[in-house]
Amino acid sequence: MGKKEIIQNVLKNRRVVSKPDYRDFGAILLFILLVPYIVSFFFGNAGAKGGEGEEKDSVEAQSEMFPDDMKKTEYIVYNKTAAGTEKIPLETYLVSWLPSTIDMGYEMEALKAQAIVLRTELMKMAQGEGKGIYVEGAAVKTGAQDYERSKEAVGGTRGMFLKYEGEIITAPYFAVSAGATRNGNEALGSEGYAYLKSVMCQRDFTAEDYAGGIRMGKHTFWKRLGEYMEGMEFEEGKKAQDQLIFSRDRAGYVTEVSLNGKSLSGEVFREIFSLNSSCFEVEERGETIVIKTKGVGHGLGFCQYAANEAAKRGSDYIDLLNYFFSDAVIEKNGESG
């Protein structure tokens with residue numbers, strides 16, 4: 001797996017991040033690592049194209065469902081499901097996808113910003129002259145109210161996406177920060193993410209799930225850590241916090257965990273112990289290990305909770321995207337409304 005693939009897998013655009021390939025993570029990325037969504041996105045729902053026979057039967061049936069949109073659309077989403085591969089206009093697919101990625105009770109401006117982030121992700125995935133986008137996932141059941149709000153958010157931003165220096169960007173998103181978003185170049189070990197600057201999210205501490213944590217027996221902790229940190233040796237009688245060395249980025253997220261010359265990334269540590277984020281602290285208390293976390297998600301890009309708080313105070317979706325994606329520009333593709 002190459003470095004580009006690893007970064008894409010890390011940035012999966014989901015509120016819950018799938019498990020990474022630990023061997024590649026530890027070898028290539030200091031912090032993930034990423035995530036992240038996202039992302040999930042980098043993409044949370046990316047999948048392989050279905051077989052030709054399977055696609056033909058399903059696509060012909062599905063294309064009849066959206067005759068008007070199919071005439072207008074520039075991008076087609078091929079959604080592979082257990083029943084076959086659906087052929088769906090990008091904007092139609094977005095309406096069904098948006099509710100699975102964000103709290104639909106959030107302010108409409110935050111939902112519009114999220115819709116643009118998702119559209120950017122899909123367009124980044126487009127392949128060939130036909131601009132096919134191949135994803136994989138089951139249909140998401142949405143209540144009537146959420147569906148109407150999703151239609152409003154997607155319709156109100158139809159065709160809009162993000163670019164930086166002439167290229168469609170990788171646009172990660174996540175739920176709640178630890179107080180600030182992460183610097184993309186620093187976190188991902190690449191100079192290709194200048195638009196992902198670290199910005200403050202001052203009210204994220206008010207989120208219900210801002211603070212989290214787990215407890216476990218110290219022997220279970222060391223045994224599990226040793227399964228991923230090959231050759232690791234710890235000292236009996238010495239507390240975990242006095243043995244482990246944590247390297248952090250400017251936003252406070254752990255980029256690397258080290259012990260006696262052995263190390264792994266903060267994101268791998270996060271996945272090993274199913275933590276909400278890689279902004280964490282470890283403390284040994286008697287026979288128990290306590291790991292405390294701040295935030296939910298990988299911390300890169302669009303922070304949904306902070307965006308919603310800003311929207312409550314009057315920021316619109318353009319303000320939100322300009323804040324979280326520095327110097328990126330909003331453009332619109334040629335699809336008609």
Using a 3.5 Å distance criterion without hydrogens, assess whether the side chain of [X] forms a donor-acceptor pair with backbone atoms of [Y].
| X | Y | answer |
| --- | --- | --- |
| Thr81 | Gly84 | yes |
| Glu284 | Ala240 | yes |
| Asn308 | Glu107 | yes |
| Lys163 | Ile168 | no |
| Ser150 | Val95 | yes |
| Thr120 | Ile116 | yes |
| Tyr210 | Arg203 | no |
| Gln114 | Leu98 | no |
| Tyr195 | Thr170 | yes |
| Thr85 | Tyr78 | no |

State, to 0.1 Å, how close Gly192 and Asn185 come at their nearest heavy-atom pair, and which atoms those are.
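Nearest pair, atom of Gly192 first, then Asn185: N-OD1, 3.5 Å.
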Kindly check if the number of other-residue, nucleotide or ligand heavy atoms within 6.0 Å of [atom1] ([X]) is above 12?
| X | atom1 | answer |
| --- | --- | --- |
| Glu227 | CD | yes |
| Lys239 | NZ | no |
| Gln202 | CD | no |
| Glu283 | CD | yes |
| Glu281 | CD | no |

Which residue pairs pass the ring pair (Phe, Tyr, Trp, His ring centres under 6.0 Å) test with at least one member in residues 299-321, sequence neighbours excluded?
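Listed once each, the pairs are Phe302-Phe324.
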Same cluster (ILVMFWY, side-chain, under 4.5 Å), [X] and [Y]:
| X | Y | answer |
| --- | --- | --- |
| Val290 | Phe234 | no |
| Phe325 | Val329 | no |
| Met108 | Leu320 | yes |

Taking the side chain as C-beta and beyond, is there a heavy-atom pair between Ile272 and Leu264 under 4.5 Å?
yes
What residues form a side-chain hydrogen bond (donor to acceptor under 3.5 Å, both in side chains) with Thr181, not counting sequence neighbours?
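Per chain and number, Thr181 pairs via side-chain hydrogen bond (donor to acceptor under 3.5 Å, both in side chains) with no residue.
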With sequence neighbours excluded, residues passing side-chain hydrogen bond (donor to acceptor under 3.5 Å, both in side chains) with Gln127:
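Gln127: no side-chain hydrogen bond (donor to acceptor under 3.5 Å, both in side chains) contacts found.
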Pairs satisfying salt bridge (charged side-chain N to carboxylate O under 4.0 Å, His left out), at least one member in residues 310-320, at least two apart:
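Residue pairs passing salt bridge (charged side-chain N to carboxylate O under 4.0 Å, His left out), neighbours aside: Glu309-Lys312.
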Does the pair [X]/[Y] count as a salt bridge with the N-to-O cut at 4.0 Å?
| X | Y | answer |
| --- | --- | --- |
| Lys262 | Glu230 | no |
| Glu91 | Arg119 | yes |
| Lys238 | Glu236 | no |
| Lys294 | Asp204 | no |

Scan the side chains in residues 212-226 for donor-acceptor partners under 3.5 Å anywhere in the protein, sequence neighbours excluded, and list what turns up.
none

Between Glu256 and Ser265: side-chain donor-acceptor atoms closer than 3.5 Å:
no
Ring-plane angle category for Phe269 and Phe280, please: parallel below 30°, perpendicular beyond 60°, tilted otherwise.
parallel
Tell me every residue that passes side chain to side chain contact (heavy atoms under 4.5 Å, CB included) with Tyr323, counting only those two or more places apart in sequence or in another chain.
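Once residues adjacent in sequence are excluded, the partners of Tyr323 under the side chain to side chain contact (heavy atoms under 4.5 Å, CB included) criterion are Val199, Met200.
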Residue pair Lys112, Glu109: steps toward the salt bridge (Lys or Arg N to Asp or Glu O under 4.0 Å) verdict:
CA-CA 5 Å; Lys112 287 180 178 180; Glu109 295 305 305; 3.7 Å; yes
